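Shown next, in structure tokens, is the structure this report addresses.
What's counted below: heavy atoms across the whole structure, side chains too, no hydrogens, waters or symmetry copies. Sequence lines set the chain letters: A, B, ... in the order given, protein chains first and strands last, and positions in each chain run from 1. Everything quoted here is computed from the prediction, not taken from an experiment.
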Amino acid sequence: MSEFLQQVINGVSLGSIYALIALGYTMIYGILRFINFAHGDVFMIGAFVGYYAAPQVMKIAGGSVFLSAILVMLIAMIVCSVLGVTIEKLAYRPLRSRPKLTVLITAIGMSFFLEYGGQLVFGPDPKLFPTLFPSAAIVNAKNLVISTNSVVVIVTALALMLLLRLIVFKTKLGTAMRAVSYDHRAAALMGINIDTVISFTFVLGSSLAAAAALLYASVYPSINPLMGIFPGLKAFIAAVLGGIGNLFGAALGGLIIGLTETFVTGYISPTFRDAIAFAILILILLFKPSGIMGRHEAEKV
Amino acid sequence: MRHWKICFTVVLTAVLMLLMITCGSSTNQNEILIGEYSSLTGTTATFGQSTHRGLMMAVQETNDSGGVLGKKIKLITEDDQSRPEEAATAVTKLISRDKVVAVIGEVSSSRSLAAAPICQANQIPMVSNASTNPEVTRKGDYIFRVCYIDPFQGEVLAKFVFNSLKLKRVAVLKDIKNDYSIGLAQFFEENFGALGGEVVAVQAYSEGDADFKAQLTALKGSEPEAVIVPGYYTEAALIVKQARELNMNMPIIGGDGWDSGKLVEIGGAAMENTYFSTAYTADDPDPVVQNFADKYKSLYKDIPDAFAALGYDAGMILFDAIRRAGGIDGAGIRDALVATRDFRGVTGLITIDKDRNARKSIVIITVVNGKLTYKETIQP
């Protein structure tokens, strides 16, 4: 029983990181109706920003672990937001009136550009991510271990998701986002600046990816320029599973993928881990293309 | 019509450039060309860089003392980016384009296994510096190595856990994508079982993974007294770190794939109470080792690890064989390599056995206060 609960904790901690990345996929799809395949690589850039910023910030912040962790996270979120908006402006905006397939291919190109450009700039060898907050194990009577790392990951992810919900449902820009996702043209006629809303969506998605990257790198402190590929793909599957375009669905999908991976690895074999994640994707596309939480809607990609 | 012209121009330029590249490499009569393929970048970059530095030192020392057969050694190095398919491309290039007389490499068994058949088919002797999987030299009679093989390392590790640490129940966590890891795990399990120990659980991961908590949690359930992780340092350090986070404080033991400064850098304080076997340590008081370590330190401002020593030995054994062969003919060098007896290398007294493997001593390293520390030497 204690082993099972332990696996649940492992799975939830991994799943909440996937959920944060999946939110970016789902929001951009909701607004622009295309998959931003470079999203996983924005996640990677977030980790590298943390890698370069952390030593400087720790010097400035002195001994305060909490302050420096928050500062590093903010810096990574800001840099990734700027990156996300720039990618959209340079690569996606000029193609907005073209067929969706064109933008999709550009996104794949952008993804390769970031991955191999990253190898050029950061070097291809794995780097050790600095310890932002030291990890300790909290043990309870039944020999169940919760590391402080897992707690930080789950709590931060939850807080960011609640904050996102607040922004999307309670602010003017959030309302505008929802209006644009419903109908571009009608929203524009109502006086909403579509470009601003799209840029804002990229800011939200990219900063969540940056936050996810710092959590991921804190738990698994070896980072490299290709590290975004698999978490990116898993988060994409999570978004589709939850119903792409749906915020709650993305979070739920992330958790399901994280738990499935952990259970498959722990009880069956890690050989099947990735295969099962992709099998889920295929099954969902075959039997319920709109995902768990999504509504059906005719779409041409 | 215009498109046709553009296409023609592009193809013509490409052909001309290819011709220029192939004609560019001309052989110099006063040089002996030696090829090296190595993981200078990629997941095991530190291994490749270390062996490369060791080999360059051997080349420099040999050339400074007059070279081999009155000629200078010229080393041509190809980076295989830690990928087996690149290793195959690299040796093909070295043999067919650069016309090297012998090849040195690789650290990883997977990469050596990809390159060895190519060397064998071309009858070019290949000396692996650190590939420990037995299959490597079985690829043919032109394939040699200067390190010990996994059956021996597995046997030593099993003896060490059973006799020195006095532990009877162990769990194994191996890398299923890596021939070296699978082999070492298998030979450990066989020997540990023969001694009377019990392997209570086996789990696997894949090179490049970052999350091992699911496997570790499953292993923890079977209550092992030690965990054997026969993989490479990047994953091993993360595994140890996550094991400690799950409150698994038993000894964790690995092979020479752990031998890198990065191990302690990544693993940090979690690395206490871990052990691994390797070919050599710079702490060895032997004057041959100390002399090598001093020279290396003055050249590279770094303490040489086992891979640097193996890279050096691989070069020195090959140059010695060429000297004894009296020529650069592939078959001649091969016969001289086969006849190598009690060669005084940095990593011990090396004898090439009938299977073209090296027989020599092995050392156990442990981590004390964040430092890799010599524990004991085990003779063959």
Checklist entry - Does atom NZ of B:Lys168 have more than 12 heavy-atom neighbours, drawn from other residues, nucleotides or ligands, at distances under 6.0 Å? => result yes
Item to check | Proximal component of A:Phe129, with respect to chain B [non-hydrogen, under 4.5 Å] | outcome: neither
Next on the checklist: For A:Gln6 versus B:Thr217, what's the shortest heavy-atom pair and its separation?
Outcome noted: CG-CG2, 3.3 Å
Next on the checklist: Take a 6.0 Å sphere around CD1 of A:Ile108 and say whether it holds more than 12 heavy atoms from other residues, nucleotides or ligands.
Outcome noted: yes
Checklist entry - Using non-hydrogen atoms only, which part of A:Ser269 is less than 4.5 Å away from chain B: side chain, backbone, both, or neither? => result neither
Checklist entry - Between B:Ala218 and A:Gly266, which heavy-atom pair has the shortest distance, and what is it? => result CB-O, 3.5 Å
Item to check | Structural part of A:Val219 lying under 4.5 Å from a heavy atom of chain B | outcome: both
Item to check | Proximal component of A:Thr271, with respect to chain B [non-hydrogen, under 4.5 Å] | outcome: both
Checklist entry - Which pair of non-hydrogen atoms, one from A:Pro270 and one from B:Ala204, has the smallest distance, and what is that distance? => result CG-O, 2.7 Å
Next on the checklist: Would you compute the distance between atom OG1 of A:Thr265 and atom CZ of B:Phe212 and round it to the nearest 0.5 angstrom?
Outcome noted: 10.5 Å
Checklist entry - Any chance CZ of A:Phe272 has more than 12 other-residue heavy atoms, nucleotides or ligands included, within less than 6.0 Å? => result no
Checklist entry - CD/A:Gln7 to CG/B:Leu216 distance, rounded to the nearest 0.5 angstrom? => result 9.5 Å
Next on the checklist: The test is side chain to side chain contact (heavy atoms under 4.5 Å, CB included); show your working for B:Thr41 and A:Gln119 and say whether it passes.
Outcome noted: CA-CA 10 Å; B:Thr41 58; A:Gln119 289 203 335; over 6 Å; no
Next on the checklist: Just so I know, are the side chains of A:Asn10 and B:Leu246 near enough to count as touching, which here means a heavy-atom distance under 4.5 Å?
Outcome noted: yes
Item to check | Straight-line distance of B:Asp211 CG to A:Glu261 CD, nearest 0.5 Å | outcome: 8.0 Å
Checklist entry - Contact part of A:Asn149 toward chain B, heavy-atom cut-off under 4.5 Å: side chain, backbone, both or neither? => result side chain
Checklist entry - Between A:Leu14 and B:Lys213, is a side chain to side chain contact (heavy atoms under 4.5 Å, CB included) present by the stated rule, with each step listed? => result CA-CA 10 Å; A:Leu14 183 65; B:Lys213 284 193 173 164; over 6 Å; no
Checklist outcome for this item: The interface call for B:Lys177 against chain A, heavy-atom contacts under 4.5 Å, is neither
Checklist outcome for this item: Counting heavy-atom pairs under 4.5 angstrom with chain A, the leader among B:Lys262, B:Arg244, B:Glu245 is B:Glu245
Checklist entry - Can you tell me how far CG of B:Leu219 sits from CD of A:Glu3, rounded to the nearest 0.5 angstrom? => result 9.0 Å
Checklist entry - Can you name the closest pair of heavy atoms from A:Tyr220 and B:Leu238 and give their distance? => result C-CD2, 4.2 Å
Checklist entry - For A:Pro126 and B:Gly42, which heavy atoms make the closest approach, and how far apart are they? => result CD-O, 3.8 Å
Next on the checklist: With a sphere of 6.0 Å drawn around CD of B:Glu223, does it hold more than 12 non-hydrogen atoms of other residues, nucleotides or ligands?
Outcome noted: no
Checklist entry - Where on B:Glu235 is there a heavy atom nearer than 4.5 Å to chain A: the side chain, the backbone, both, or neither? => result neither
Next on the checklist: Taking atom CZ as the centre, does A:Phe278 end up with more than 12 heavy-atom neighbours from other residues, nucleotides or ligands that are less than 6.0 angstrom away?
Outcome noted: yes
Item to check | Under 4.5 Å from a heavy atom of chain A, the part of B:Ile176 involved | outcome: side chain
